[in-house]
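All residue numbers in this chain count up from 1 along the given sequence.
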Amino acid sequence: MKKSNDAILSIARSPILWGLLVTAGFYSLIFGGLIEHPLLSRYFASHPVEFVATGMFFVGLAMLAIRGLDVLAQYPLLGHNLLGTVGEDRDAVQSADLLLERLEHIPAA
């Protein structure tokens with residue numbers, strides 16, 4: 001069950017998927033006649049290279065948006081000390097087992 005959830009999550013977070021969907025929506029507005037401007041037709045829909053460049057732009061934009069949402073989701077955790085404190089009298093090697101144990105109990109979110 002976990003592997004299927006991971007697969008669905010990775011597909012839902014795919015910038016290629018979202019970029020291509022936005023590209024398809026953009027071109028459906030242009031070719032559907034909802035946006036009629038000669039500059040849009042000239043610079044976005046007059047050559048196959050323009051289709052590819054526009055698609056790559058929207059994929060890059062989707063990638064930045066997904067990364068930005070990840071940063072916003074992680075921002076509240078910045079103030080928390082997730083592993084707790086280790087006494088100053090402990091050696092780094094001795095406290096490794098304690099820190100690993102604490103790390104296992106941290107929620108995935």
Peer 1: What is the distance from atom CZ of Phe58 to atom CG of Leu21, rounded to the nearest 0.5 Å?
Peer 2: 12.0 Å
Peer 1: Can you establish whether the number of heavy atoms outside Tyr43 located under 6.0 Å from its atom OH is more than 12?
Peer 2: no
Peer 1: Would you name the heavy atoms of Ile66 and Arg13 that are closest together and state the gap between them?
Peer 2: CD1-O, 3.1 Å
Peer 1: Is the distance from the ring center of Phe26 to that of Phe44 below 6.0 Å?
Peer 2: yes
Peer 1: Closer than 3.5 angstrom, by distance alone: can the side chain of Trp18 be matched with the main-chain N or O of Ala12 as a donor-acceptor pair?
Peer 2: yes
Peer 1: Assigning hydrophobic clusters by single linkage (Ile, Leu, Val, Met, Phe, Trp, Tyr; side-chain heavy-atom cutoff under 4.5 Å), is Leu29 placed with Phe57?
Peer 2: yes
Peer 1: For a quick test of reading the model, state the closest non-hydrogen atom pair linking Ala62 to Pro15 and the distance between them.
Peer 2: CB-O, 3.6 Å
Peer 1: First locate atom OG1 of Thr54, then atom CE of Met56, and finally report the distance between them rounded to the nearest 0.5 Å.
Peer 2: 10.5 Å
Peer 1: Would you kindly confirm whether Leu34 and Ile30 end up in one hydrophobic cluster when ILVMFWY residues are joined by side chain heavy atoms under 4.5 Å apart?
Peer 2: yes
Peer 1: At what distance, to the nearest 0.5 angstrom, does CD1 of Ile16 lie from CE of Met63?
Peer 2: 7.0 Å
Peer 1: Any donor-acceptor pair under 3.5 Å linking the side chain of Ser10 with the backbone of Ala7?
Peer 2: yes
Peer 1: Does Leu64 share a hydrophobic cluster with Val59, counting links as ILVMFWY side-chain heavy atoms below 4.5 Å and allowing steps through other members?
Peer 2: no
Peer 1: Got a second to check how far Glu36's CD is from Leu40's CG, nearest 0.5 Å?
Peer 2: 10.5 Å
Peer 1: Do Val22 and Ile35 land in one hydrophobic cluster if side-chain heavy atoms of ILVMFWY residues count as linked below 4.5 Å?
Peer 2: yes
Peer 1: Report whether Leu20 and Phe51 are members of the same hydrophobic cluster (ILVMFWY, side-chain heavy atoms less than 4.5 Å apart, transitive linking).
Peer 2: no
Peer 1: Judged by atom type as modelled, is there a donor-acceptor pair below 3.5 Å linking the side chain of Glu50 to the main-chain atoms of His47?
Peer 2: yes
